[in-house]
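Everything below concerns the one structure shown next.
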2 protein chains.
Amino acid sequence: MSKELSTEEKIREAAKNVFIAKGFDGCTSREIAKAAGMNVALVNYYFCSKKQLFKLVFEAALEDFMLSTVEVFKKDLSLESKMRIFIEREFEFLILHPDIPRFILSELSRGDKCEFDHAGILDKIADTGVFEELLDAQEKGIIRKVDLTNLMLLIMSNCHYPFMAKPLMKYLNGLSEEEYQERLMLQKQYVTEMLIGYLFIPKTNN
Amino acid sequence: MSKELSTEEKIREAAKNVFIAKGFDGCTSREIAKAAGMNVALVNYYFCSKKQLFKLVFEAALEDFMLSTVEVFKKDLSLESKMRIFIEREFEFLILHPDIPRFILSELSRGDKCEFDHAGILDKIADTGVFEELLDAQEKGIIRKVDLTNLMLLIMSNCHYPFMAKPLMKYLNGLSEEEYQERLMLQKQYVTEMLIGYLFIPKTNN
DNA sequence: AAGAAATTTAAACGCTTGTTTAAAATTAGT
DNA sequence: ACTAATTTTAAACAAGCGTTTAAATTTCTT
């Protein structure tokens with residue numbers, strides 16, 4: 001097994017798990033140290049402060065969150081195929097990391113904890129050419145002319161929210177974990193068909 | 001003006017604002033007391049503990065959140081009209097209380113803080129007859145046969161997420177508050193048309 | 001093997017936390 | 001007006017917080 005993690009990496013990994021599960025305010029330095037099997041002082045020895053460690057974890061999570069699935073737009077496929085694959089991969093990513101959307105949006109909502117370096121993320125997304133491709137498709141009448149902010153919201157809403165709302169929905173509908181996972185797989189299908197059906201303008205044969 | 005709030009009500013009101021803005025872990029009893037213009041000890045004099053005060057605030061917010069817009073299903077309108085009005089009111093509610101979805105889902109995601117009484121909420125929703133009406137419409141072929149959990153997810157995703165993602169979207173797209181509010185108004189239209197278009201099966205005239 | 005550097009530890013620092021106490025101030029009852 | 005009950009206050013409590021210190025241990029260099 002890959003037990004060859006350095007102390008620094010062990011702390012970073014433990015911090016990621018604890019921060020994402022409980023949030024910056026909801027955990028302590030000692031808790032992170034214990035999760036990493038270390039002394040408290042080592043956390044600050046390697047990362048100076050709880051804030052700084054959090055900043056590293058958050059920025060890594062944000063980058064993962066935003067970039068994990070957009071590289072599909074570099075491929076040579078039809079826009080509809082790309083959209084389908086994008087949603088497919090987004091759900092795959094979120095099944096592995098279901099807490100990341102809530103973590104990102106929660107921590108971002110009160111940004112006084114520390115300023116984050118979002119810089120570069122938008123550039124990396126832009127580098128895939130996705131924005132040009134969408135605008136081009138709008139010009140050609142392939143997809144609906146909707147502001148890209150609204151377009152992103154439509155897609156992200158339907159991908160992220162089902163994972164964020166899991167505790168609420170499980171209770172309200174009395175579902176087990178397995179049953180909710182089944183609903184998530186169905187949701188992926190519905191969301192894909194709904195978004196494709198709404199965004200893509202049917203070809204008129206006249 | 002209605003400055004006739006009792007001490008207890010002032011604390012409850014201040015606690016609501018502070019808890020929703022910063023979360024249970026992100027604020028202190030003294031902060032709530034100061035926001036209410038009171039001594040710290042008064043918080044516990046009236047509400048016993050921070051946990052108990054939070055429980056009251058959370059349950060009230062959850063009830064508001066889940067019940068504020070469902071009474072439209074008691075009215076005598078077509079299902080499509082009800083759905084349109086429901087989404088309209090959901091957005092209206094969220095423009096007034098944009099932080100509630102994030103608050104509810106965040107605090108619910110680590111339920112060890114205290115157990116909440118969700119009981120009754122589902123019953124009150126059921127009392128509007130919305131579930132029977134939806135199942136009936138599915139039987140009659142008016143709307144798509146989709147599990148009600150998935151149906152709720154489709155609607156809630158598209159209503160709640162645009163408000164939860166505001167900090168992220170404002171940064172990513174470099175938008176001012178006013179510009180984002182404009183996008184939200186547009187989003188309401190898009191979401192309504194997309195959901196109606198997907199859920200309702202077009203009448204076939206043959 | 002010896003000494004220097006890096007790592008790890010236990011202990012302590014000052015400060016803030018939620019909560020409690022006991023006295024002061026206000027209100028209510030007669 | 002006097003007493004009792006209620007409300008409000010300032011002060012204190014132990015416990016936990018993030019962080020620092022200085023000594024112990026390990027690792028590296030020669």
Side-chain angles (χ1 to χ4, degrees), chain A residues 2-61 103 106-107 110-116, chain B residues 2-61 103 106-107 110-116:
Chain A
S2 59
K3 271 288 176 187
E4 308 305 320
L5 286 176
S6 72
T7 300
E8 190 176 341
E9 287 164 334
K10 273 194 251 182
I11 295 174
R12 195 195 297 268
E13 202 62 27
K16 190 175 83 180
N17 294 334
V18 175
F19 276 139
I20 290 178
K22 304 205 184 190
F24 180 83
D25 293 325
C27 72
T28 69
S29 300
R30 284 167 176 82
E31 191 176 355
I32 291 170
K34 182 172 281 185
M38 313 264 159
N39 189 289
V40 204
L42 273 179
V43 173
N44 284 348
Y45 176 74
Y46 282 105
F47 297 98
C48 296
S49 72
K50 186 190 178 190
K51 262 194 180 181
Q52 171 137 348
L53 176 53
F54 178 81
K55 193 177 167 178
L56 291 173
V57 167
F58 179 86
E59 286 171 0
F103 172 67
S106 285
E107 300 295 337
R110 43 188 253 49
D112 58 287
K113 236 118 55 190
C114 53
E115 271 81 47
F116 307 113
Chain B
S2 59
K3 272 287 177 187
E4 308 305 321
L5 286 176
S6 71
T7 299
E8 190 176 341
E9 287 165 334
K10 274 194 247 180
I11 295 173
R12 197 196 297 268
E13 203 62 27
K16 190 175 83 180
N17 294 332
V18 176
F19 275 139
I20 290 178
K22 306 206 184 188
F24 179 83
D25 293 325
C27 72
T28 69
S29 299
R30 283 167 177 81
E31 191 175 356
I32 292 169
K34 182 172 281 184
M38 314 262 157
N39 189 287
V40 206
L42 274 179
V43 173
N44 283 349
Y45 176 73
Y46 282 105
F47 297 99
C48 297
S49 72
K50 187 191 178 190
K51 263 193 181 183
Q52 171 137 347
L53 176 54
F54 178 80
K55 192 178 167 179
L56 291 173
V57 167
F58 179 86
E59 286 172 359
F103 172 67
S106 285
E107 300 295 338
R110 45 186 255 45
D112 58 289
K113 235 118 55 190
C114 53
E115 270 82 45
F116 307 112

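The chains referred to below are lettered A, B, ... by the order of the sequence lines, with proteins before strands, and numbering in each begins at 1.
- Scored by the side chain to side chain donor-acceptor pair (under 3.5 Å) test, A/Gln52 finds no partners at all (sequence neighbours excluded).
- Look at CZ on B/Phe47: it is 12 Å from P on D/dT8, rounded to the nearest Å.
- Remark: C1' of D/dT19 and CG of A/Leu42 are 14 Å apart, rounded to the nearest angstrom.
- Taking every heavy atom of residues 31-38 of chain A and every atom of DNA chain D, no pair lies under 4.0 Å.
- Within 4.0 Å of A/Tyr46, counting heavy atoms only, lie sugar-phosphate atoms of the nucleic acid but no base atom.
- Between B/Asn39 and B/Ala33, the shortest heavy-atom distance links the atoms O-CB, 3.7 Å.
- Scanning for ring pair (Phe, Tyr, Trp, His ring centres under 6.0 Å) contacts around B/Tyr46 gives an empty result, with sequence neighbours left out.
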Before you tell me yes or no, could you show the steps for A/Phe54 and A/Glu107 under side-chain contact (heavy atoms from CB on, under 4.5 Å), namely the whole-Å CA-CA distance, both residues' side-chain angles and the distance that decides it to 0.1 Å? CA-CA 10 Å; A/Phe54 178 81; A/Glu107 300 295 337; 3.4 Å; yes

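- In this view, A/Lys16 and A/Glu13 satisfy the salt bridge (charged side-chain N to carboxylate O under 4.0 Å, His left out) rule, not counting sequence neighbours.
- Partners of A/Glu9 by salt bridge (charged side-chain N to carboxylate O under 4.0 Å, His left out), not counting sequence neighbours: none found.
- Separating the CG atom of B/Leu5 from the C1' atom of D/dT7 is a distance of 17 Å, rounded to the nearest angstrom.
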At under 4.0 Å between heavy atoms, which parts of nucleotides 11-24 of chain C does protein reach? Answer with one letter per nucleotide, 5' to 3': B base, S sugar-phosphate only, - none. -B----BBBBB---

